[in-house]
Each structure stands twice: as structure tokens, then as C-alpha cells.
Amino acid sequence: MTTTLIPPAPARAHRDPNVLRWLGAYTSSMLGDNVFYLALSWAAVRAGTPAQAGLVMAASALPRAVLMLGGGVVADRLGPRRVVIGSDAVRCAAVLAVAALLFLTDPGLWPLALLACVFGTVDAVFLPAVGALPARITGADQLARVQGLRGLALRGASVVGAPLGGLGVALGGAPAAFALAGALIALSLPLLLSVRVRDLPGGTERAATTWADLKAGLRHVRRHRVLGPLMIAIALGDLGFVAPLNVGLTLLADHRGWGAASLLLAARGRLPRAGLVTGCACAAGSVAVGTLGFVPGLAAAVGTALLIGLLTGLSGALCGALLQTQADPAYLGRVTAVAGLVSLGLTPLSLPLAAAATGAFGLGPVYAVSAAVCGLGGLVFLAVPALRRAELPG
């Protein structure tokens, strides 16, 4: 009699020790980021004028945007685990060095601006590597759950990071807050070192040169039936949502919305017609954005903003999960870099435009235009058959 051994089913993402070690490292690193930015803003305001402090805070944006695509190539060529570990080590060392410098002397704004530039440069390789790592630590059927867990960690770090940074400032000023940020980032390193990664299905595709790798990644996005339209939808959705959520009631909508959607994905995992659901969420969100500029009372505005937060959280988490599951794992760092560029690179442009338009025309027209842009993002999901039918395995 022949006995057939059936291998045990792989653990769900929220029960997989390997995924949980990665999640702990990611959460610790994001907590450090949030504490760092609070400490940086506090130190910059104390060392210079508000305008100078604003320039220091913006100093990380330019290198991050310029180098993001190259960072995706680095993540795919060197491996995302190695890049994330190296990035966290550099950020930790830089933050602790500035903490020591501030403790010993009062150096002014230049070290703070330099630190912001270092963070932006490192983020250009860190963010694509973070996006590419889940495919190496779990199966394709668990990527949607991992994306949900990552969303929960990100939102939790945003909520907890600010009070932690404030506590550090209250106890020991900017040096203590920077030291706390460095310690939290350092905590992620042993966890990352313990994370096991696996080989990609079919191996890693690599061109002869870095430039050829970059072109291959862009070509992969452009020719993919889902990824190409998805990038356009992400850009339109972020351009439409970011400005209204920063003009009013951002914290409430963002805090409550993203967490609820991420919890849904973490628990559900598989979602048939995820593209259709995302398109409907964007379309409904566009109506809510348009409504927010015209609601008369505070209670109605709070309720509308909460609805926007729920819908943006759902659509954002689903877009991230679709990126994870649709992209060829060999290109995932570069795909994440393109998504980061169209989101982080383009959406900040909407903020000064929205502020200027609000002064000239009032809030109502600004929200109406934002609603139209959001609606276009939803229309892309609904109009492209491959994107509309895209599913999340689980």
C-alpha cells in the first residue's frame, strides 16, 4: 500500500512567524520615521524662521523624487532585504549622529537640512525595496493579507509616532527625540536579519546594465494590461484626494479610514473583482469629495470626511495589493518605484495649486475639481476590462 504525504498548508500571513518578524521590523522602522519627522520639524523651528524650517522639511522631497526610479532598480538588482537592512542602518546612524551633535552643541539649520537630504536619498531606495520584499517572504495567495497588515502597521505608526516624538521632545528636547527615532529604527535591524527570504519563481531577470534594467522595468509597466492603467488611476486618485484631505479634517479621515480598510484586507485576503471594487470606491469617493466643499454644518463635514477616509483607505489598500499580486516579482522593486513616483512625486503639486485656487475661487470649486479628478481615476478602473476584472488571490 502506497502512502501519499500531503504537505501541510502554508500558514496564513497573520500567523506566519516570518511575516510577523517582517511586520515587526516594518512597524518599528515606520515608528522611527514618524518620530524623526516630528523631531526634525521641532528642531528646525527652534533653529530658524518658519520659512527656513519649511525648506528643511521639504529638503527630503527632491532627492526622493529624482532618485526613486533608480532606487527600484537597486532594489531588484541587489535584493530588497539587503537594501532595506542597509537603508535602515544608514538612517539609524545619521539620526543618532545628529542627536549627538545637538546634545553637544547648537549647530544651526545646516546639519538638519543635510539629515533631511540623507533621509530623502535613502528613502528613494528604501521605499521600492519595502514594496518588493513581501513577494520574497510569503506566497502569492497571502500578498493581499500582507498588504492589509502593512497598512495597519503604517496607520498605527502614524498614530503612535507623533505622541512618542512629543514625549521625547518633552523629556529631553530635539536630541532626545532624535535618539528615540534612531533607537526605533535600530530595533528593526535584528528583526530584518532574522527574516527568511525565498527565491523568486523563475529566477531574477537582470539586464546587462542598470539603465537597461530601468528601461525593462518601465516597459514591463507600460505593456502590462493591469499595471499601466493602474498607475494612471493611482495618479488621478491621489491628485484628487490629497488636496481636499489636507484642506480640512485630514487627520480624522486618514486615521480612521486607512485602518479600517487595511483590517478588512488582512482578514479577507481574497477579493474577487478587486479592480471593480476599487473603481466603485473611487467613484463614490469622488462624490463625497465634491460634497465636502458644500456641507453646511460641522457634524455633516466630519461625517463626510470620515466617509472619504474610509473610501480612500479601501481604494489605496486595494491598489497596493493589486501592485503586489499583478507585477512579475522580478520587477516588483521597479514597479513600486513607478507607483511611488506618480504618487509622491505628483500629488504634492496639488497642495499649492489647491491653496491658490481656494483663495481665488473658494472651497466649493476646488472640491468640485478634485471630485472630477477622483472620478477620472475611478473611470479608469471601470473602463479598462483587464483592470476591472483583476482579482486578489487568497
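Owing to the predicted nature of the structure, the values given are computational and were not obtained by experimental measurement. Note that these values count all heavy atoms, side chains included, but never hydrogens, waters or copies made by symmetry. We count residues from 1, following the sequence as given.
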> Let me confirm one number: the SG-CG distance from C280 to L382, rounded to the nearest 0.5 Å.
5.5 Å

> Hey, could you give me the CG/CG distance between D33 and L38, rounded to the nearest 0.5 Å?
12.5 Å

> Does NZ or CZ of R91 come closer than 6.0 Å to the centre of the six-membered ring of F126, within 45° of the ring's axis?
yes

> Has the side chain of S28 got a donor or acceptor atom that lies under 3.5 Å from a matching backbone atom of G24?
no

> Using the ring-ring contact (aromatic ring centres under 6.0 Å, His included) criterion, which residues pair with H224? Sequence neighbours excluded.
H220

> Taking the side chain from T121 and the backbone from C117, do they hold a donor-acceptor pair closer than 3.5 Å?
yes

> Would you give the length of the straight line joining atom CD1 of I85 to atom CG of L78, rounded to the nearest 0.5 angstrom?
12.0 Å

> Examine distances only and state if a side-chain atom of R136 and a backbone atom of R81 form a donor-acceptor pair shorter than 3.5 Å.
no

> Atom CZ in R219, atom CG in L214: separation rounded to 0.5 Å?
10.0 Å

> Got a donor-acceptor contact below 3.5 angstrom from the R334 side chain to the D213 backbone?
yes

> Between L218 and V338, is any pair of side-chain heavy atoms under 4.5 Å apart?
yes

> Kindly give the heavy-atom pair with the smallest separation between A99 and P175, and that separation in Å.
CB-O, 3.6 Å

> To the nearest 0.5 Å, what is the distance between CG on L23 and CZ on R21?
12.0 Å

> Let me check something: any side-chain donor-acceptor pairs from residues 186-193 under 3.5 Å, sequence neighbours excluded? List them with distances.
residue: S188; atom: OG; partner: D88; partner atom: OD2; Å: 2.8
residue: S188; atom: OG; partner: I185; partner atom: O; Å: 2.6

> Could you check whether any side-chain N or O of D123 sits under 3.5 Å from a backbone N or O of R64, counting only pairs where one atom can act as donor and the other as acceptor?
no

> Do V197 and W22 have side chains that approach each other closer than 4.5 Å (heavy atoms only, starting at C-beta)?
no

> Are F381 and L230 close enough that some pair of their side-chain heavy atoms sits under 4.5 Å apart?
yes

> If every non-hydrogen atom of A177 is compared with every non-hydrogen atom of V169, which pair is closest and at what distance?
CB-CG2, 3.8 Å

> To the nearest 0.5 angstrom, please state how far the OH atom of Y37 sits from the CZ atom of F119.
6.0 Å

> Contact between F36 and L115 at the side-chain level, heavy atoms closer than 4.5 Å - yes or no?
yes

